[in-house]
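For reference, the structure discussed in these notes is given below.
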Amino acid sequence: MKVTYPKPLKRGDTIGVTAPSSGAEESLHILLSKAKENVEAQGYKVVMGETAWTQQKGRSAPKEKRAEELMSFLLDEHIRAIIPPWGGSFAMEILPLMDWEKLKAVPPKWILGYSDISTFLFAYSTITGNASAHGTNFAELSAPQWDSLTSRWTDVLSCPENGEVTQYSSDHYQSNWEKVYRNPATGFYFDSETEWKSLSGDSQVEFSGRFLGGCISTLRTIIGTPFDQVNDYVSKYAAEEGVIWYLESVGLDAINIYRSLWQMKQAGWFKHVNGILIGRPSRYSANQDFQLIDALNDIFADQHISVLYDVDIGHAPPQNIIVNGAFGKVTYTNFKGTINMSYI
């Protein structure tokens with residue numbers, strides 16, 4: 001079967017902002033207002049959902065309202081793309097409330113985000129066969145100037161079927177969020193040199209396959225549930241070409257990363273894998289002498305595949321924007337990387 005790509009996003013199109021997980025409390029409304037200004041200045045229209053502006057008990061709204069607003073945006077023919085404010089912790093609650101049969105039947109549209117939003121992106125792509133985009137959230141578009149990686153969201157969402165997008169590793173990344181929290185809507189603060197790393201120590205690596213992945217911290221929640229349709233998806237869309245898994249984490253130590261990857265492996269997620277991209281872990285710690293590289297070696301060594309880690313994906317920005325379902329080619333040379341995506 002063939003992956004279905006949404007129509008390319010064009011200047012003048014409408015982007016919907018809805019919060020299927022967390023919304024913005026009043027003190028953070030500046031982020032959404034500034035992001036709306038910036039996106040509209042690029043020539044797009046922006047429709048803000050009610051859930052984007054509210055937050056209580058870790059959720060933007062009750063699960064029924066979050067699901068209803070997201071469904072309405074997905075079915076609204078005037079909305080061409082959806083970019084949630086950011087992630088959160090409770091996106092899994094809306095999965096049983098979505099009308100998946102209806103979503104399979106209607107034309108797809110781009111959904112862009114990361115963190116807990118990858119919970120929905122992952123389910124959306126694996127259940128419907130539609131592509132989705134893992135990358136910047138809407139609040140991060142509040143920066144006065146978008147960095148060279150973040151700004152590629154327009155290229156990724158505007159690329160037509162059969163088109164290609166090539167992205168590169170960053171020069172520097174942000175090691176913590178302290179300055180961002182103190183100075184909202186001023187952008188990222190890059191303070192560390194970027195170095196992608198090869199788990200095997202090879203100076204040159206190359207692999208290809210169809211991209212699939214998201215945030216380990218939230219994706220592990222759906223393993224073994226009715227929304228875990230990974231094996232069926234891979235057999236339909238990626239068994240012939242293989243899979244490039246991209247995974248990142250926030251708030252997990254080395255042991256919990258290992259446990260999560262172990263669950264994924266036991267569930268069969270890493271069959272047909274050609275290569276692995278691991279994003280820079282955020283709020284991470286080793287467990288005495290058990291470190292991230294130990295977790296990765298223990299999980300993937302017997303599969304004899306290339307594993308790159310500290311990649312520009314996830315909660316230590318900036319990040320490349322990865323399309324679930326796109327055919328990808330990854331090349332790595334001496335701590336730098338290139339990601340090419342083909343919408344085929």
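Quick note: residue numbers are just sequence positions, from 1.
Asn340 and Thr166 form a side-chain donor-acceptor contact under 3.5 Å, judged by distance and modelled atom types alone. For Thr51 and Thr18, the side-chain atoms include at least one donor-acceptor pair closer than 3.5 Å. Side-chain contact check for Thr194 and Ser169: no donor-acceptor pair (N or O, by modelled atom type) lies under 3.5 Å. Side-chain atoms of Arg210 and Tyr237 include no donor-acceptor pair closer than 3.5 Å. In this model, a donor atom of one side chain and an acceptor atom of the other lie less than 3.5 Å apart for Trp196 and Asp312.
Using a cutoff of 4.0 Å between basic side-chain nitrogens and carboxylate oxygens, Lys7 and Glu161 are not scored as salt-bridged. Using a 4.0 Å cut-off between a side-chain N of Lys or Arg and a carboxylate O of Asp or Glu, Lys65 and Glu68 do not qualify as a salt bridge. Asp147 has no carboxylate O lying under 4.0 Å from a charged side-chain N of Arg152, or vice versa, which leaves the two without a salt bridge. The pair Lys336-Glu195 fails the salt-bridge criterion, with no side-chain N (NZ, NE, NH1 or NH2) lying under 4.0 Å from an Asp/Glu carboxylate O. Electrostatic pairing of Asp76 and Lys109 does not count as a salt bridge here, judged by no charged N lying under 4.0 Å from a carboxylate O. Here Lys329 pairs with Glu206 in a salt bridge; the nearest charged N to carboxylate O distance falls below 4.0 Å. A salt bridge links Lys36 with Glu40: at least one charged nitrogen is closer than 4.0 Å to a carboxylate oxygen.
Membership of the apolar cluster around Tyr189 extends to Tyr114, Trp177, Val180, Tyr181, Phe188, Phe190, as traced through chained side-chain contacts below 4.5 Å between ILVMFWY residues.
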* Asked: Would Asp228 and Trp269 count as a side-chain hydrogen bond (donor to acceptor under 3.5 Å, both in side chains) if you check the C-alpha gap in whole Å, the side-chain angles of each, and the deciding distance to 0.1 Å?
  -> CA-CA 10 Å; Asp228 175 0; Trp269 284 21; 3.1 Å; yes

* Candidate pair Thr119 and Asp116, rule side-chain hydrogen bond (donor to acceptor under 3.5 Å, both in side chains), full reasoning -> CA-CA 5 Å; Thr119 308; Asp116 197 28; 2.9 Å; yes

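The aromatic rings of Trp153 and Tyr44 lie tilted to each other, with the angle between the two planes from 30° to 60°. Ring geometry for Tyr5 against Trp110 counts as tilted: the plane angle lies between 30° and 60°, on a 0 to 90° scale.
Crowding of Glu50 atom CD: a count of heavy atoms from other residues, nucleotides or ligands under 6.0 Å not exceeding 12. Annotation for Lys197: atom NZ counts as buried by contact number, over 12 foreign heavy atoms lying within 6.0 Å.
Formation of a donor-acceptor pair under 3.5 Å by the Arg80 side chain with backbone atoms of Leu9 is not found in this model. The main-chain N or O of Pro84 is never found under 3.5 Å from a side-chain atom of Asn137 such that the two would form a donor-acceptor pair. No donor-acceptor pair under 3.5 Å is formed between the side chain of Asp253 and the backbone N or O of Asn287.
Looking at every heavy atom in both residues, Leu121 comes nearest to Ser132 through O-OG, 3.5 Å. For the pair Gln55 and Gly23, the tightest heavy-atom approach, listed with the atom from each and the gap, is OE1-N, 2.9 Å.
Using a 4.5 Å heavy-atom cutoff, the side chains of Pro108 and Tyr124 are in contact. Here the side chains of Leu141 and Lys34 are not in contact, with every heavy-atom distance at 4.5 Å or above.
Phe120 and Trp100 have their aromatic ring centers within a separation under 6.0 angstrom.
Cluster annotation: Tyr246 is connected to Leu252 through the hydrophobic network of ILVMFWY side chains, with a link wherever side-chain heavy atoms come within less than 4.5 Å.
Put simply, the residue from Ser249, Ser115, Ser217 that forms a side-chain hydrogen bond (donor to acceptor under 3.5 Å, both in side chains) with His315 is Ser115.
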